[in-house]
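Okay, so here's the structure we're looking at.
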Amino acid sequence: MPCFNCSDASERAAGLREAAQAVRRGELVVLPTDTVYGVGADAFSPTAVARLLDAKGRGRNMPSPVLVGSPDDLDGLVDDLPEQARQLVDAFWPGGLTLVARHKPSLAWDLGETGGTVALRMPAHPIALDLLNETGPLAVSSANLTGQPSPQDCDAAHMMLGETVAVYLDGGPTPADVPSSIVDITATAPVLLRAGAISAEELRKVAPGLQEG
């Protein structure tokens, strides 16, 4: 399971290439984000997503979020995105905002027991974005064993996940261990499910009708 030092330009290029190939094979990769390190898999491969959940010791009742490389990806994943949701995306993507939306019923994916919804985020990290632009949407969860601290460096992720991961992308320590804020946009008014990197006050500047769940 190779680990690539992405502070070196040639290693970064090789690592991104190897990671994208691993994703296409249905294998797992570890990547840095703007919050913590994540473990990712092809969102459209049920086998790969099941492998991700197994590696973490996580059940289907805790489905994986999905990271995207561009706001434009939303149109292929979500029907009828509310205007307030688009305003939140414009204001806070890329960054620490996760949106829970109803995904298109036609999508051939199985992220776990989602009830027809998906948690979507565009991370503000260049390595993550470069990989996402190569692979398309990835199912990504924090790169830890369930119940253990979320890792802020590649070594901590490696110690927990070991050989269950095909490629590790080491981007150095992540800037923060604060999780993303989660907003549910499946109802008429957006609902803050988890306060995190973006405060309720900041969110209300864009979505004044935000409720707290």
Side-chain angles (χ1 to χ4, degrees), residues 1-70 72-74 76-77 94 98 103-104 106-114 118-123 125-146 148 150-151 153-172 174:
M1 83 232 115
C3 178
F4 293 89
N5 176 9
C6 294
S7 65
D8 177 274
S10 61
E11 271 203 56
R12 172 177 169 150
L16 287 166
R17 184 171 60 252
E18 290 288 331
Q21 290 172 356
V23 167
R24 295 184 190 108
R25 293 193 300 265
E27 296 175 331
L28 304 184
V29 299
V30 159
L31 63 151
T33 77
D34 47 334
T35 54
V36 297
Y37 271 76
V39 56
D42 181 355
F44 298 100
S45 168
T47 303
V49 174
R51 185 174 286 142
L52 185 158
L53 296 177
D54 287 346
K56 285 177 56 73
R58 186 169 179 168
R60 286 176 50 79
N61 61 318
M62 299 176 69
S64 177
V66 171
L67 296 187
V68 297
S70 167
D72 295 339
D73 292 336
L74 285 174
L77 303 175
T98 296
H103 65 72
K104 289 179 181 286
S106 60
L107 288 178
W109 63 13
D110 182 2
L111 302 168
E113 296 170 8
T114 66
V118 61
L120 295 162
R121 187 167 87 87
M122 180 183 176
H125 195 290
I127 295 170
L129 291 174
D130 283 351
L131 181 60
L132 288 161
N133 287 325
E134 284 290 323
T135 62
L138 292 176
V140 177
S141 184
S142 55
N144 61 315
L145 296 175
T146 297
Q148 297 297 311
S150 298
D153 61 62
C154 197
D155 286 345
H158 185 269
M159 286 182 65
M160 285 186 276
L161 298 180
E163 295 185 6
T164 62
V165 171
V167 175
Y168 287 82
L169 298 177
D170 187 349
T174 58

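- Residue pairs meeting the side-chain hydrogen bond (donor to acceptor under 3.5 Å, both in side chains) criterion with at least one member in residues 7-16, sequence neighbours excluded: N5-S7, D8-S10, R12-D130.
- You'll find the side chain of T135 stays beyond 4.5 Å of the side chain of D42, heavy atoms only.
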- Message: Checking L77 against V118 for the side chain to side chain contact (heavy atoms under 4.5 Å, CB included) test, could you report, in this order, the C-alpha distance in whole Å, the side-chain angles of both residues, the deciding distance, and whether it holds?
- Response: CA-CA 9 Å; L77 303 175; V118 61; 5.6 Å; no

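- Of all heavy-atom pairs spanning D170 and C3, the tightest one is CB-SG, 4.0 Å.
- Here the NE2 atom belonging to H103 is positioned 14.0 Å from the CG atom belonging to L74, to the nearest 0.5 angstrom.
- Between F44 and W109, the two ring planes are parallel [angle under 30°; tilted spans 30° to 60°].
- Remark: the backbone N or O of G26 is paired with a side-chain donor or acceptor of R51 at under 3.5 angstrom.
- Using a 4.5 Å cut-off on side-chain heavy atoms (C-beta onward), R24 and E134 make contact.
- Residues K104 and G76 approach most closely at CD-O, 3.4 Å, considering heavy atoms.
- Distance check, rounded to the nearest 0.5 Å: CG of L53 to CG of L111 gives 8.5 Å.
- Inter-residue side-chain proximity for P151 and V30 is flagged as unmet; no heavy-atom pair is nearer than 4.5 Å.
- When all heavy atoms are compared, the tightest approach of P63 to T114 is CB-CG2, 3.6 Å.
- Residues A139 and V49 approach most closely at CB-CG2, 4.0 Å, considering heavy atoms.
- A 4.5 Å side-chain heavy-atom check between D73 and S70 finds at least one atom pair inside the cut-off.
- Side chains of L138 and L131 form a contact here, defined as non-hydrogen atoms less than 4.5 Å apart.
- Residues P65 and V140 form no side-chain contact, since every pair of their non-hydrogen atoms from C-beta on lies 4.5 Å or further apart.
- The side-chain heavy atoms of M122 and V68, taken from C-beta on, include a pair separated by under 4.5 Å.
- Applying the salt bridge (charged side-chain N to carboxylate O under 4.0 Å, His left out) rule to E18 yields no partners; only residues at least two apart in sequence or on another chain are considered.
- Between the CD1 atom in I127 and the CG atom in L132 there is a gap of 12.0 Å [rounded to 0.5 Å].
- For the pair D34 and R121, the minimum side-chain heavy-atom distance is below 4.5 Å.
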Can you give each donor-acceptor pair under 3.5 Å made by side-chain atoms of residues 154-168, sequence neighbours left out, with the distance rounded to 0.1 Å?
| residue | atom | partner | partner atom | Å |
| --- | --- | --- | --- | --- |
| T164 | OG1 | L161 | O | 2.6 |
| Y168 | OH | G162 | N | 3.1 |
| Y168 | OH | G162 | O | 2.7 |

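- Atom OG of residue S45 and atom CD of residue E27 lie 11.0 Å apart, to the nearest 0.5 angstrom.
- Considering all non-hydrogen atoms of both residues, V66 and A43 come closest at CG2-CB, 4.3 Å.
- The backbone N or O of K56 lies less than 3.5 Å from a partner atom in the side chain of T146, making a donor-acceptor pair.
- The heavy-atom pair separating G69 from N133 by the smallest distance is O-OD1, 3.7 Å.
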